[in-house]
Number of protein chains: 2
Amino acid sequence: MAGRIDRNRAAPDMRGSDLEELIGYNLKRAYVIVQADFRASLGKDGLAPRVFSALSLVVQFPHTTQSALARMLDIERSGLVAIVDELEERGYLARTAVPGDRRVQALVPTTAGRHAYADIIAKVHAHEERLFSGMTRSERQSLLDLLKKFRDLEGQS
Amino acid sequence: MAGRIDRNRAAPDMRGSDLEELIGYNLKRAYVIVQADFRASLGKDGLAPRVFSALSLVVQFPHTTQSALARMLDIERSGLVAIVDELEERGYLARTAVPGDRRVQALVPTTAGRHAYADIIAKVHAHEERLFSGMTRSERQSLLDLLKKFRDLEGQS
DNA sequence: TATTGTTATACTCTATAACTATA
DNA sequence: TATAGTTATAGAGTATAACAATA
């Protein structure tokens with residue numbers, strides 16, 4: 001093995017490649033890193049990102065309907081059912097009847113749900129704090145502002 | 001329906017919510033927008049983002065092995081098989097034997113593959129140009145730089 | 001023993017379509 | 001006719017484990 005080329009030990013240097021100069025590719029790679037750390041931070045039985053997002057909105061906007069929540073998260077109503085089921089099974093929210101329209105059910109956080117959310121959002125903030133500790137406060141704020149600006153321009157959401 | 005509350009017509013205003021201040025959530029929402037526009041730009045029979053990424057690297061780094069390519073993209077070797085299969089079926093690359101190590105097969109772009117890539121990368125650049133046209137050149141560069149800095153710090157990739 | 005490419009497999013996420021009950 | 005919630009279903013995308021060939 002003396003003359004063996006060390007071809008594959010580490011990822012080759014991709015600097016200057018087309019891919020590295022695309023915002024889309026960098027967004028994806030960054031998102032994969034953040035999501036993996038998010039999941040690790042909440043542990044094996046922790047909420048998945050999308051379930052956390054739904055809980056966050058239900059706690060902050062109680063009595064939202066499922067359709068409205070789906071619009072806020074920009075996912076299909078059908079996809080929200082399993083998410084709400086999980087949160088209901090965990091005892092974090094309840095589907096409650098709405099007087100005047102028997103089609104809809106308002107989503108109301110339970111006391112346990114609000115307490116759980118307080119714990120989880122603290123862990124999430126700690127996760128982002130740790131993960132972005134190599135960037136200055138100003139850099140993090142710029143990144144957040146640029147992402148929000150892009151969403152405002154393009155997403156109309 | 002006179003007194004009907006217009007509860008659900010548009011997505012409620014989420015400004016100031018916890019979610020909107022999380023980098024992770026904004027990264028995900030931004031990525032979903034970019035990916036959808038990427039796919040629309042390349043059309044129904046266009047390459048999926050990950051297939052495009054693989055083609056890009058094969059064109060720019062010919063004779064890479066599948067294992068090395070998987071490391072560059074940070075995906076599993078097993079997941080790369082279908083991607084390379086698709087590119088081979090489209091006639092964009094060939095698996096070629098490597099003298100000295102009969103386990104590996106170098107990935108070599110075909111002439112058709114290089115030409116197709118030239119067309120596709122032009123479409124991808126136009127897609128990003130259009131999608132980010134609401135942001136200044138300087139804002140786009142900042143976003144790219146911040147994403148790359150984060151990846152350099154955290155991804156070790 | 002370790003690595004390359006591969007297959008089999010399963011799990012998550014998401015979207016579409018259709019149903020029901022209500023409006 | 002239209003909407004809310006739901007179910008069924010299928011398609012991506014991705015990860016794990018195991019295997020044969022080769023080092």
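Since this is a predicted model, take the numbers as computed values, not measurements. Every chain is numbered from 1, with letters handed out A, B, ... down the list of sequences.
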Visitor: Think A:Gln66 has a side-chain N or O under 4.0 angstrom from the OP1 or OP2 of D:dT6?
Guide: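 Answer yes for this pair, as a side-chain N or O of A:Gln66 is under 4.0 Å from OP1 or OP2.
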Visitor: Is it true that A:Lys123 and A:Glu129 make a salt bridge, defined as a side-chain N closer than 4.0 Å to a carboxylate O?
Guide: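 Looking at A:Lys123 and A:Glu129, the cut-off is not met.
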Visitor: By nearest atom, which of the nucleotides D:dA4, C:dT4, C:dG5 is closest to the A:Arg71 side chain?
Guide: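 Nearest to the side chain of A:Arg71 among the choices is D:dA4.
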Visitor: Of the listed nucleotides (C:dG5, D:dT7, D:dA4), which one gets closest to any side-chain atom of A:Val81?
Guide: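 Of C:dG5, D:dT7, D:dA4, D:dT7 is nearest to the side chain of A:Val81.
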Visitor: DNA chain D: B:Arg102 or A:Arg95, which has the more 5' nearest nucleotide?
Guide: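 Result of the comparison: A:Arg95.
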Visitor: On DNA chain C, compare the nucleotides closest to B:Ala106 and A:Gln35; which residue's is nearer the 5' end?
Guide: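 Closest to the 5' end, via its nearest nucleotide, is B:Ala106.
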Visitor: Hey, quick one: are A:Ile121 and A:Val59 part of the same hydrophobic cluster, counting side-chain heavy atoms closer than 4.5 Å, chains of contacts allowed?
Guide: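 The answer is yes; both residues are in one hydrophobic cluster.
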Visitor: Output the rounded distance in Å from CD1 (A:Ile75) to P (D:dT6).
Guide: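 From A:Ile75 CD1 to D:dT6 P: 13 Å.
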Visitor: Rounded to whole Å, how long is the line connecting atom CZ of B:Phe52 with atom C1' of D:dG13?
Guide: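 B:Phe52 atom CZ is separated from D:dG13 atom C1' by 18 Å.
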Visitor: Apply side-chain contact (heavy atoms from CB on, under 4.5 Å) to B:Leu153 and B:Lys149, showing your working.
Guide: CA-CA 6 Å; B:Leu153 287 169; B:Lys149 172 162 188 174; 4.0 Å; yes
Visitor: Are A:Arg151 and B:Glu20 close enough for a salt bridge, meaning some N to O gap below 4.0 Å?
Guide: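 Answer for the salt bridge query: yes.
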Visitor: Just N and O in the side chain of B:Arg50: are any of them under 4.0 Å from OP1 or OP2 of D:dT14?
Guide: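 So the side-chain polar atoms of B:Arg50 do come within 4.0 Å of the phosphate oxygens OP1 or OP2 of D:dT14, strictly under.
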Visitor: Starting from P on C:dC13, measure out to CG on A:Asp85 and report it in whole angstrom.
Guide: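 Rounded to whole Å, this separation is 15 Å.
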Visitor: Name the nucleic acid region contacted by A:Glu76, choosing base, sugar-phosphate or nothing; use a 4.0 angstrom heavy-atom cut-off, strictly under.
Guide: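 Touches a base.
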Visitor: Examine D:dT16: is either OP1 or OP2 under 4.0 Å from a nitrogen or oxygen in the side chain of B:Ser78? Give yes or no.
Guide: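 Indeed not, no polar side-chain atom of B:Ser78 lies that close.
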Visitor: Is B:Lys28 close enough to C:dT14 that one of its side-chain N or O atoms is under 4.0 Å from OP1 or OP2 there?
Guide: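 B:Lys28 to C:dT14 OP1/OP2: side-chain N or O found under 4.0 Å.
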Visitor: How many Å lie between CG on A:Leu80 and P on D:dT6, as a whole number?
Guide: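 So the two atoms are 9 Å apart, to the nearest Å.
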Visitor: Take atom OH of B:Tyr31 and atom P of C:dC13, then tell me their distance rounded to the nearest Å.
Guide: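 Distance check: B:Tyr31 OH to C:dC13 P gives 15 Å.
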Visitor: Measure the distance from NZ on B:Lys44 to C1' on C:dA15 and round it to the nearest whole Å.
Guide: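 Atom NZ in B:Lys44 sits about 16 Å away from atom C1' in C:dA15.
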Visitor: Using whole Å, report how far CG of A:Leu47 lies from C1' of C:dC13.
Guide: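 For the pair A:Leu47 CG and C:dC13 C1', the rounded distance is 16 Å.
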Visitor: A:Arg77 has an atom CZ; how far is it from atom P of C:dA21, in whole Å?
Guide: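 Those two atoms, CZ and P, are 16 Å apart.
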Visitor: For a ring-ring contact (aromatic ring centres under 6.0 Å, His included) with A:His127, tell me which candidate from A:Phe132, A:Phe38, A:Phe52 qualifies.
Guide: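 Exactly one candidate clears the test, A:Phe38.
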